[in-house]
Amino acid sequence: MLDSPMTVHAAKQLNPLILAYVGDAAFELHVRAWLITQGCERIDQLHKSAVARVQATAQAKAARLLVDELLPEEADIFRRGKNAKPIRLPKSASLADYRFSTGLEAVVGYLKLTGQEERLNWLMFHILTAEEPENHPE
């Protein structure tokens, strides 16, 4: 996707909310592609299933499950993302969940921008094959 990945040093210099901005898009693309590979073909079902997985509460749950699996540099990015002051307060999630989801999105954005696709795929696989979101429609 990128002509050449960003250097790790350059990515670490970015505002963690910028990393989360990229991570939000990359996370959703991974979710949508994964749902299609799981045989989900109806657009309305794809949308409902994707929303259930990308909302802050679901991302926060995934972050809590995986935080101990993060490499040291990823843990630092996660901490910076989690501690970044949100631009707006969440409507559908607690502030704690919103912060955890922002931390996870920052890690995803960091991995995406630095071209660490294998690590990103590993992380997303573990997120997507963990428990189903609580409000995931059957």
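Computed from a prediction, not measured in an experiment: that's the story for all the values here. Numbers here are sequence positions counted from 1.
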Q: According to side chain to side chain donor-acceptor pair (under 3.5 Å), who are the partners of H126, at least two apart in sequence or on a separate chain?
A: W122

Q: Are V54 and W34 connected, step by step, through hydrophobic side chains (Ile, Leu, Val, Met, Phe, Trp, Tyr) whose heavy atoms are closer than 4.5 Å?
A: yes

Q: Say you draw a straight line from NZ of K61 to CD of Q55; how long is it, rounded to the nearest 0.5 Å?
A: 11.0 Å

Q: For A11 and T114, work out which heavy atoms get closest and say how close.
A: CB-CG2, 3.5 Å

Q: Got L70 and L123 here, is their nearest side-chain heavy-atom distance under 4.5 Å?
A: yes

Q: Write down the atom of A58, the atom of A52, and the distance for their closest heavy-atom approach.
A: CB-O, 3.1 Å

Q: Given F27 and Q59, is the side chain to side chain contact (heavy atoms under 4.5 Å, CB included) satisfied, shown in steps?
A: CA-CA 9 Å; F27 192 96; Q59 287 182 341; 3.2 Å; yes

Q: Got a second to check how far Q13's CD is from M6's CE, nearest 0.5 Å?
A: 10.5 Å

Q: Please report the closest heavy-atom contact between G81 and A106, naming both atoms and the distance.
A: CA-CB, 4.1 Å

Q: Does R119, at its CZ atom, have more than 12 non-hydrogen atoms belonging to other residues, nucleotides or ligands within less than 6.0 Å?
A: yes

Q: Would you mind reporting whether I127 and L104 have side-chain heavy atoms less than 4.5 Å apart?
A: yes

Q: From K85 NZ over to R99 CZ, what is the distance, rounded to the nearest 0.5 angstrom?
A: 9.5 Å

Q: Taking the side chain as C-beta and beyond, is there a heavy-atom pair between Y110 and V8 under 4.5 Å?
A: yes

Q: Which pair of heavy atoms, one from A63 and one from F78, lies closest together, and at what distance?
A: CB-CE1, 3.9 Å

Q: Is it true that atom CD of Q38 has more than 12 heavy atoms of other residues, nucleotides or ligands lying nearer than 6.0 Å?
A: yes

Q: Would you confirm whether N121, through its side chain, and E117, through its main-chain N or O, come within 3.5 Å as a donor-acceptor pair?
A: yes

Q: Side-chain heavy atoms nearer than 4.5 Å, only ILVMFWY residues, links allowed to pass through others: does that put V67 and L71 together?
A: no

Q: Would you give the length of the straight line joining atom NE2 of H47 to atom CG of L35, rounded to the nearest 0.5 angstrom?
A: 12.0 Å

Q: Test your reading of the model: is there a side-chain donor-acceptor pair from R64 to the backbone of F100, 3.5 Å cut-off?
A: no

Q: Walk me through it: do L111 and E74 pass the test side chain to side chain contact (heavy atoms under 4.5 Å, CB included)?
A: CA-CA 8 Å; L111 293 172; E74 296 165 350; 3.6 Å; yes

Q: Rounded to the nearest 0.5 Å, what's the gap from CD on E105 to CD1 on I77? Could you check?
A: 14.0 Å

Q: Treating Ile, Leu, Val, Met, Phe, Trp and Tyr as nodes and any side-chain heavy-atom pair under 4.5 angstrom as an edge, say whether I43 and V31 lie in one connected cluster.
A: yes

Q: Has E118 got more than 12 heavy atoms of other residues, nucleotides or ligands less than 6.0 Å from its CD?
A: no

Q: Looking at every heavy atom in both G23 and V108, which two are closest together, and how far apart are they?
A: O-CG1, 3.6 Å

Q: Are the side chains of L14 and V22 in contact, using a 4.5 Å heavy-atom criterion?
A: no

Q: How long is the straight-line distance from NE2 of H30 back to CG of L120, given to the nearest 0.5 Å?
A: 4.0 Å

